[in-house]
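Per chain, numbering begins at 1; letters A, B, ... match sequence-line order.
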2 protein chains.
Amino acid sequence: MTTDRMRVQYRVTGAGRAIAARAAALAVEQSIEMPVAAVRNARVRDEVVGRVEGILDEGGDVHRVTISLAVETTGGEAGQLLNMLFGNSSLHPDLRLVDFDLPDTAAAAFGGPRFGIGGWRAALGIGRRPLTCSALKPQGCEAAELAALAGQLASAGIDLIKDDHGLADQASAPFARRVAAVQRAVDDANRATGRGCLYAPALNGGSRRIQEQLGVLRDEGVGAVLVAPMIAGLGTLQELASEGRPILAHPALAGHGAIAAPLLLGKLFRLAGADAVIYPHSGGRFGFSADLCRSIADAARGPWCGLAPTLPVPAGGMHPDRVEELVAGYGPDLMLLIGGALLEADDVRRAARAFVTRVAALETDR
Amino acid sequence: MTTDRMRVQYRVTGAGRAIAARAAALAVEQSIEMPVAAVRNARVRDEVVGRVEGILDEGGDVHRVTISLAVETTGGEAGQLLNMLFGNSSLHPDLRLVDFDLPDTAAAAFGGPRFGIGGWRAALGIGRRPLTCSALKPQGCEAAELAALAGQLASAGIDLIKDDHGLADQASAPFARRVAAVQRAVDDANRATGRGCLYAPALNGGSRRIQEQLGVLRDEGVGAVLVAPMIAGLGTLQELASEGRPILAHPALAGHGAIAAPLLLGKLFRLAGADAVIYPHSGGRFGFSADLCRSIADAARGPWCGLAPTLPVPAGGMHPDRVEELVAGYGPDLMLLIGGALLEADDVRRAARAFVTRVAALETDR
């Protein structure tokens, strides 16, 4: 049995002079969750109990506490990893989960992105330019309306068409009917354009529904998938990674103030297999700062544990006018997701084509 | 198609005089998520777009905003419900999700607890007294050790034995082997005592693993189940409710500061089908106040939408010495979960029997 350990960093507020005891309690809470003296199994005491590895006084009664946990406690399962990192401790208001690291071999066992940035390019047959993406909205439309919109976007040359994350299995456009109709529209457009636009439907539900939805994806020849890991479970994301389709991860419910966004959206989503990660970009409808967005992108695609890079997808109210600014900031390894700003145009196809042309122009510049 | 609406309440901080615009943006973000003017479908504009139903100035630049959303947007799926209530808005630091209500018919469609408090009593064959529960710990032990512990607890008369939420599918005690061994130990004890102790293994993983684990539960004749809905997904909890076993919900990762605990652990877990809900009780290892715990219990078991009541399980460092205090505060519709305080005794079986006797004495008092 491995004795590999992962190192987890927390920000602890208000412990004062009791910080050593607070850190020790944290290490127990996030591992065996019982009095250490009552552990009868020597191996558990020696290898499984969490250990305090460091306490750094950051001033203002804030401490950075590093504990180590045995990798074996995760069972190699991403949901259980999250449980080990912050399950019970999420209920402690004095804690914030800020970072974690693990041995490369352990990271490889979780899987990471199977496609990564290069895999998206290969799947879409495109070179070194930013990828374009748009969304099917609004919820409440019938499947035929959404399919017609998908046809417009695909024929305009958009690379990836995703379901709005608000599309689920509603009566207005039930999952199976919607996915079949949209995929057909995308296939038709691809035959006309000669391109390889992919469609990423939003999965949702518990384990049974998700298995049924995966069956629909197989039947309809769907080439990508969207999932919100904090709603469907990080374990579901991890399993999707072995289904042979690039995965776009959505940040719904991920605004967990007590988990640092670069750790959650960057490292954890990446470790569990996200090939691309959507996050709210600065200057849109959400309040993330430019620095925070940069940190998320760095965690998603920078060198880490030998894992393939996850493609950053800054979104949440982006506009074609910002294409050059975004690419100047992020470089070409980027997916540009523009939804509402295309849909509100009088001629959606024309607006989408202008967006595609604007992005294509950036390839020749490099 | 129904036009039923659910009412959702948020606490908005710092909007100042822009509160009307902030509330309107919130209603759009949590529904169609695109400019309303760009919605071409009249039914979507009339029925699906979120509506601001009220804005209450609470002073100090805090407002209570009530919006209504179409129930149809949830598709009757609990994970998607959470997505509609707070998916994108969780990323807005000025918001807190504080309450929600929906029509009784819509609540019935989600399902709610299938067993409820009366169902636990019937399944266990016990009268009007608090239920007793203990936990199998620590993680890292082998299946045989955990099974031996389960045998001690069951033979002492504990009603429900749950996996520690840190038990998953680890190499030290793989799920299938552990569940088989523990269930056998509990069955043996039940034959000896004539009682009907139930075992609740912790499910974990994505949709495929959970389906496999449900197969193990069926094969081994396991009578209850434990799940952490914020890790496995609220949709997984909802599906488990139709599997014919009472469900114990665990609060791991539920310390989402931006969602009120009574709403999340009480209403949402109940609506999705939790028959009992564990929460950290005041005076234990966690900082929840007595008032907050009372509000969680009220939300879990009080009259709401005609749903069966969910059994409160105040936990997180409870001790047998607090039995009378807990029952005085909550009454007999309560599950008393005591883990570490039994496990640290020199003779676990004897400590568990004393706990059981102490609780049984309370039945004759009524």
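The residue among G340(B), G233(B), P138(B), A202(B) with the most heavy atom pairs within less than 4.5 Å of chain A is P138(B). Ranking S90(A), S31(A), A38(A), A232(A) against chain B, the residue ahead of the rest is S90(A), based on heavy-atom pairs under 4.5 Å. Interface check for chain A: of the options N88(B), N41(B), V44(B), I32(B), the most heavy-atom pairs under 4.5 Å are formed by N88(B). No other option in R208(B), Q238(B), E145(B) has as many heavy-atom pairs under 4.5 Å with chain A as R208(B). If you tally non-hydrogen atom pairs under 4.5 Å between each of L253(B), D346(B), T236(B) and chain A, the highest count goes to L253(B). Looking only at heavy-atom pairs under 4.5 Å with chain A, the residue among A25(B), G87(B), G339(B), A228(B) that has the most is G87(B). Put simply, of L343(A), D169(A), T74(A), the one with the most heavy-atom pairs under 4.5 Å next to chain B is L343(A). Ranking E77(A), Q80(A), E344(A), Q30(A) against chain B, the residue ahead of the rest is E77(A), based on heavy-atom pairs under 4.5 Å. For chain B, the option among P229(A), P280(A), G205(A) with the highest count of heavy-atom pairs below 4.5 Å is G205(A). Of all the listed residues (M34(A), Q170(A), Q139(A)), the one sharing the greatest number of non-hydrogen pairs under 4.5 Å with chain B is Q139(A). Between chain B and the options I210(A), T73(A), L82(A), V39(A), heavy-atom pairs under 4.5 Å are most frequent for T73(A).
The number of heavy-atom neighbours closer than 6.0 Å to CD of E142(A), taken from other residues, nucleotides and ligands shown, is 12 or below. Within 6.0 Å of the CZ atom in R11(B), the count of heavy atoms belonging to other residues, nucleotides or ligands does not exceed 12.
Heavy-atom distances place the side chain of E243(B), and not its backbone, under 4.5 Å from chain A. For a residue to count as touching a neighbouring chain, one of its non-hydrogen atoms must lie under 4.5 Å from one of that chain's; by this rule P251(A) touches chain B with backbone and side chain alike. Using a 4.5 Å cut-off between heavy atoms, H250(A) touches chain B through its side chain atoms alone. At a 4.5 Å heavy-atom cutoff, the contact between E33(B) and chain A is made by backbone and side-chain atoms alike. With a 4.5 Å cut-off on non-hydrogen atoms, R40(A) touches chain B through its side chain but not through its backbone. At a 4.5 Å heavy-atom cutoff, the contact between F288(B) and chain A is made by side-chain atoms alone. Residue contact with chain B, scored on non-hydrogen atoms closer than 4.5 Å, involves the backbone of A345(A) exclusively. Contact of A78(B) with chain A is not made at all, since no heavy-atom distance falls under 4.5 Å.
With contacts defined as side-chain heavy-atom distances shorter than 4.5 Å, the pair L136(B)/L167(B) qualifies. By the 4.5 Å heavy-atom criterion applied to side chains, F175(A) and L203(A) are counted as neighbours. K137(A) places none of its side-chain heavy atoms less than 4.5 Å from the side chain of L149(A). The side-chain heavy atoms of L95(B) and L26(B), taken from C-beta on, include a pair separated by under 4.5 Å.
The line from CG of L268(A) to CG of L85(A) is 6.0 Å long, rounded to the nearest 0.5 Å.
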Please evaluate residues K162(B) and L337(B) with respect to the criterion side chain to side chain contact (heavy atoms under 4.5 Å, CB included), reporting the C-alpha separation (whole Å), side-chain torsions for both, the decisive distance (0.1 Å), and the verdict. CA-CA 9 Å; K162(B) 65 176 270 291; L337(B) 165 55; 3.9 Å; yes
For side chain to side chain contact (heavy atoms under 4.5 Å, CB included), just list the numbers for L97(B) and S89(B), CA-CA rounded to whole Å, side-chain angles, deciding distance to a tenth of an Å, and then say yes or no. CA-CA 9 Å; L97(B) 173 64; S89(B) 288; over 6 Å; no
Working for side chain to side chain contact (heavy atoms under 4.5 Å, CB included), residues Y10(B) and R96(B): CA-CA 5 Å; Y10(B) 304 85; R96(B) 190 172 148 81; over 6 Å; no
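Ion pairing of D94(A) with R22(A) is present here, as a side-chain N (NZ or NE/NH1/NH2) and a carboxylate O approach within less than 4.0 Å. A salt bridge is defined here as a Lys NZ or Arg NE, NH1 or NH2 lying under 4.0 Å from an Asp or Glu carboxylate O, and R285(A) with E29(B) meets this definition.
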